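Written below as structure tokens is the structure these notes are about.
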Amino acid sequence: MTTDTTPADHGRHLLRAQDPGELLAETRLCLGEPPTDCLILAGSSDRDAAAMITRSPLHELLGPRGAGNLERHLGLMRDRGSRAVQALIVLGDGHQELLAPVVADILRRAGELVHTAAQALDAEACGLLSVHGAASSTCWVLQREPGRPGGAGVRVLESGPLREFADTRAAATAVLGGRRIPRTDLREGELRNIGGDLELPAPDIASAADPGTLFASARTALSPLLAGPEGLSEQDRMTKCEQVAALLSAVAVDRLHWELLAQCVEHGSSREIDRETLLQRLVSDREWVPHPDVCAGGDWYVGLEQLRLIAAGARSDGDSVQRRTARSAWRALTALLVLLAWWNHRFATAGKFVDELREEEPDSTLAPLLSRMTDTPIFPAWWPST
């Protein structure tokens, strides 16, 4: 079962309340985006410790290997210090209206799996404090019915309304503390339209350009481009489009997109990382920890997501050379996001990017290699709780 784990952001907070709205809000803050269709597990060594939060896709939990994978996942949390676990099953985004029979059925099935997996472990080593649900703007309690043959039966009980993110203590505390509030809309349509307007130069394999400098210029150019054409003269718009196009053309060169990944890894650190052994270093050296800017929701991470959408928009416009450049840039930015998500212990997110790569580039040999890192999984050396 692929999972996303609390990233390197230093804003992890205590989770004493068993309010599903608070846990949902804290997960959104920690993981940089609203959790949807997932199982959230918050584990801590005691009630006064900062929680390790993980997110796993529901479709994997309810799949044929879900029960065994969940048991292994709880065991891993136990091995990493979690002695008390809160579970929250989220359908849609928690507020999306769903048919009542669908809600009851999925919550019951998922709740039985969670209770059964927790029972299979030593109760003292991994105590399951509670199992809740969040669906159709409602909170649910998934109460175990002991004594059922073949596993744990579950009663699904409504327990009140699910608070909106803005109404939670977690959101208010985040605003007062200056924490970054994750964005929910990348403005996909507008970004793809920008891609359709670009004139991409052919990649220069011998280019001496610094992709980090081009990336900074492209990020700066995106804000006014997204603000609307009325805010820019035609000349200004053309200049900013050229800055975005220069970055896409650069990352279409393997050597340069690998250099951009290295600069993302080095961001916030006083050390340099060897380009030839970069992945080996991330697997073996726990001192390499991602800066919040390259975690989900961070400025650099969001910039890469936006540029990937622009590259996707450019793949269907222009001549054959331009389309090839756009495809190479999209492939490179997707791979870069896979590796950053993997480094952030966001294996489910990385797997989603790999699936897109497989679908769009079925002949690519890159997807199977990246998939092995996320599905096995091969862990980065650093751990969020250290």
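If you're wondering where the values come from, they're calculated on a predicted model, not measured in any experiment. In this chain, numbering begins with 1 at the start of the sequence shown.
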Electrostatic pair [X]:[Y] at N-O distance under 4.0 angstrom:
| X | Y | result |
| --- | --- | --- |
| R72 | D79 | no |
| R28 | E33 | no |
| R237 | D197 | yes |
| R108 | E112 | yes |

Rounded to the nearest 0.5 Å, what's the gap from [atom1] on [X] to [atom2] on [Y]? Could you check?
| X | Y | atom1 | atom2 | result |
| --- | --- | --- | --- | --- |
| M373 | F379 | CE | CZ | 12.0 Å |
| L142 | H115 | CG | NE2 | 6.0 Å |
| K352 | L357 | NZ | CG | 14.5 Å |
| C264 | I273 | SG | CD1 | 12.0 Å |

Any heavy-atom pair between the side chains of L41 and L39 that's under 4.5 Å?
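Counting from C-beta outward, L39 and L41 do come under 4.5 Å.
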Would you check, one step at a time, whether the test side-chain contact (heavy atoms from CB on, under 4.5 Å) holds for L339 with L282?
CA-CA 10 Å; L339 292 169; L282 295 185; over 6 Å; no
Is it the case that the side chains of T213 and D210 hold a donor-acceptor pair, with the cut-off being a distance below 3.5 Å and no angle test?
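Note: D210 and T213 side chains meet the donor-acceptor criterion.
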Quick note, ring pair (Phe, Tyr, Trp, His ring centres under 6.0 Å) partners involving residues 294-327, not counting sequence neighbours, are F215-W300, H267-W300
